[in-house]
Amino acid sequence: VILGPMTMAVVCAQRRWLAQLGLVCTLLAASKAATAATCLPDAIPPSSRKLVGLVDSYPLGMWVNDWPAGHAVAEMMAIIIQEAMGYEVEMKGPGAGTVNGFFALAGCRNPTDSQEPDCE
């Protein structure tokens, strides 16, 4: 496959962006762990966040895909859901693929084991 100069420029830009995203993700995780502070200026405090469910109450589950962008997107979505929307979030995973996320959403006890996910 021969790539033209424009295609190569796009590929290089994407690689630089992913490298920067990985750095941002690492810094975000480190800063949140170190300070346990909120990210948004008008964040809903943890004590005021709601649970989901009609019969039982539980945090909103979020599957984390195990690659840099998957971790970054999960962190960003958790911040928005918790701090802007006011819901508790429980991160699940990480897992290597989409199938793992489906097993996790179905309530399987071992979502990363595609042979024996232990679903009811």
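Remember, predicted model here, so these are calculated numbers, not experimental data.
Annotation: disulfide bond (SG atoms under 2.5 Å apart) contacts involving residues 50-96, sequence neighbours excluded, are absent. Judged as a salt bridge (Lys or Arg N to Asp or Glu O under 4.0 Å), the pairs with a partner in residues 101-116 (not counting sequence neighbours) are, in order, R109-D118, R109-E120. Within the structure, disulfide bond (SG atoms under 2.5 Å apart) pairs that include any residue of residues 66-120 comprise C108-C119 (at least two apart or interchain). Listed by first then second residue, pairs satisfying salt bridge (Lys or Arg N to Asp or Glu O under 4.0 Å) with a partner in residues 60-74 number zero, not counting sequence neighbours. Within the structure, the disulfide bond (SG atoms under 2.5 Å apart) test picks out no pair touching residues 59-91 (sequence neighbours left out). For residues 86-108, the salt bridge (Lys or Arg N to Asp or Glu O under 4.0 Å) pairs, not counting sequence neighbours, are E90-K92.
Put simply, CG on N65 and CG on N100 are 8.0 Å apart, with the number rounded to the nearest 0.5 Å. The OG1 atom of T38 lies 9.5 Å from the CD1 atom of I79; values are rounded to the nearest 0.5 Å.
The two residues W63 and A104 make their nearest non-hydrogen contact at CE3-CB, 3.4 Å. Nearest heavy atom pair, residue P117 against residue S114, reads CD-O, 4.0 Å. Annotation for A74 and V64: closest pair CB-CG2, 3.8 Å, computed over non-hydrogen atoms.
Side-chain heavy-atom separations under 4.5 angstrom define the hydrophobic clusters, and the remaining members of the one that includes V99 are F103.
Residue V73 is not grouped with residue W67 when hydrophobic side chains (ILVMFWY) are merged at heavy-atom distances under 4.5 angstrom, including chains of intermediate members. Hydrophobic clustering of Ile, Leu, Val, Met, Phe, Trp and Tyr side chains at less than 4.5 Å, counting indirect connections, unites L60 with M62.
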Taking only distance into account, with no hydrogens and no angle test, what donor-acceptor pairs under 3.5 Å do side-chain atoms of residues 42-51 form with protein atoms, sequence neighbours excluded?
{"unit_1": "R49", "atom_1": "NE", "unit_2": "I44", "atom_2": "O", "d": "3.0"}
{"unit_1": "R49", "atom_1": "NE", "unit_2": "Q82", "atom_2": "O", "d": "3.2"}
{"unit_1": "R49", "atom_1": "NH2", "unit_2": "I44", "atom_2": "O", "d": "2.8"}

